[in-house]
Amino acid sequence: CGQLDVLAYLFDECNASLTALCPHGDPLDPECEMLGYEPMPNPAPPLFIAAESGKTQVVCMLLKRGADINAAAYDGQTPFYAACHQGQLEMAKLLHRHGADITQADQDGTFPVHAAACRGHLHIIQFLSQIGVNMEARGIIYVGVDWNQVLNNATPAMIARHNGYAEIVKFLQATSDVQSASMVGSKRSRSDVPMVERAQNAGVAHRLKPIPQWLHETMQAGTEEEKKVAKKELKKLQIANQQVVARAEQARMKQTTLV
């Protein structure tokens with residue numbers, strides 16, 4: 001009996017949870033061990049662990065049993081994010097075919113394309129470009145030997161350049177040149193359009209979460225500690241609104257493609 005059969009038995013007969021956050025990297029957890037964990041203090045659902053490890057058969061089995069394809073780990077990273085971060089191209093393609101959200105950021109505001117650029121995965125960057133991911137998307141990413149440096153408002157090209165991945169920079173520059181040429185006399189690129197306008201165009205303006213008055217007041221007149229808390233709350237709201245708009249735009253893009 002192989003490990004895949006054992007996993008199937010655990011989920012079908014023993015009611016193992018498809019959504020529980022496994023202690024990622026805990027050698028005492030048999031489900032996580034068979035899924036193929038890496039020692040990381042980042043609890044994650046089974047599908048995430050399998051996707052990160054490139055175990056396509058396990059991912060297919062979990063999806064057939066109803067696992068949420070976008071179920072995130074404790075830090076907000078999705079299975080698709082994990083596949084891009086680890087350079088798992090076939091896994092990224094599999095998840096994309098099954099409808100994974102390709103633009104969902106983690107809790108820090110880092111998108112899959114940023115994670116791929118940070119790790120030097122040119123093949124992932126090329127794939128993301130092919131499926132329509134915005135190569136000019138800006139976000140936050142931690143870099144450096146101990147991940148103790150932060151690049152704010154960074155594009156994939158900026159991240160790749162910082163880490164010395166010349167081939168990625170070259171590819172992104174060529175992609176940017178082509179897009180710039182095709183945009184002459186046409187509409188603005190998505191990155192130039194205000195969030196509210198994008199939401200209106202996508203028909204989801206009513207779903208945007210408004211910024212509470214207390215946040216505005218705190219940012220202007222609060223103590224340093226209060227401002228720090230307010231900034232975190234503001235960031236959460238901004239990321240949530242970005243995700244609402246990005247998903248709506250992606251859904252509209254798919255509908256346009258099917259027509």
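Model, not experiment: these values are computed from the prediction. Only heavy atoms go into these numbers, but all of them, side chains included; no hydrogens, no water, no symmetry mates.
- Side-chain contact between I102 and I131 is present, with at least one heavy-atom pair separated by less than 4.5 Å.
- The NZ atom of K55 lies 11.5 Å from the CE atom of M61; values are rounded to the nearest 0.5 Å.
- Using a 4.5 Å cut-off on side-chain heavy atoms (C-beta onward), H162 and L151 make contact.
- Counting only heavy atoms from C-beta outward, the side chains of K170 and Q173 never approach each other to under 4.5 Å.
- Under the 4.5 Å side-chain heavy-atom criterion for ILVMFWY residues, a single connected hydrophobic cluster contains both L94 and V133.
- Note: I69 CD1 to L63 CG = 5.0 Å, rounded to the nearest 0.5 Å.
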Could you walk me through whether E233 and K236 pass the salt bridge (charged side-chain N to carboxylate O under 4.0 Å, His left out) check? CA-CA 5 Å; E233 291 299 318; K236 289 179 182 178; 3.8 Å; yes
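- Taking every heavy atom of both residues into account, P79 and A71 meet most closely at CD-O, 3.1 Å.
- Ring orientation note: the planes of H85 and Y81 are close to parallel, at an angle under 30° on the 30°/60° scale.
- Distance alone, capped at 3.5 Å, is enough to place a donor-acceptor pair between the S53 side chain and the I49 backbone.
- Under the 4.5 Å side-chain heavy-atom criterion for grouping Ile, Leu, Val, Met, Phe, Trp and Tyr, M158 is not connected to I140 through any hydrophobic cluster.
- For Y165, the side chain to side chain contact (heavy atoms under 4.5 Å, CB included) partners are A160, N163, I168, not counting sequence neighbours.
- In this structure, P156 and A117 approach most closely via the heavy-atom pair O-CB, 3.6 Å.
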For the pair D108 and I141, evaluate side-chain contact (heavy atoms from CB on, under 4.5 Å) and give the outcome as yes or no after the intermediate values. CA-CA 7 Å; D108 295 318; I141 192 157; over 6 Å; no
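- Of all heavy-atom pairs between A50 and V58, the closest is CB-CG1, 3.7 Å.
- Two residues are said to be in side-chain contact when any heavy atoms from C-beta on lie closer than 4.5 Å; H121 and I125 fail this criterion.
- Residues satisfying the ring pair (Phe, Tyr, Trp, His ring centres under 6.0 Å) test with F80, not counting sequence neighbours, are none.
- Taking all atoms of both residues into account, the shortest heavy-atom contact from A51 to V59 is N-CG2, 3.7 Å.
- Note that the CD1 atom of I159 and the CZ atom of R119 stand 13.0 Å from one another [nearest 0.5 Å].
- Within the model, atoms CG of N70 and CG of D101 stand 5.0 Å from one another, a figure rounded to the nearest 0.5 Å.
- Counting heavy atoms from C-beta outward, L128 and C84 have side chains that approach closer than 4.5 Å.
- Summarising the geometry, atom OG1 belonging to T78 is positioned 11.0 Å from atom CD belonging to E52; distances are rounded to the nearest 0.5 Å.
- Residue A246 comes nearest to T103 through the heavy atom pair CB-OG1, 3.4 Å, listed as atom of the first residue, atom of the second, then distance.
- For H114 (side chain) and A137 (main-chain N/O), a donor-acceptor pair under 3.5 Å exists by modelled atom type.
- At least one side-chain heavy atom of L95 sits under 4.5 Å from a side-chain heavy atom of M91.
- Here E136 contributes atom CD and L172 contributes atom CG; the two are 8.0 Å apart, rounded to the nearest 0.5 Å.
- The cluster map of Ile, Leu, Val, Met, Phe, Trp and Tyr, joined by side-chain heavy atoms under 4.5 Å apart, puts L122 and F127 in the same cluster.
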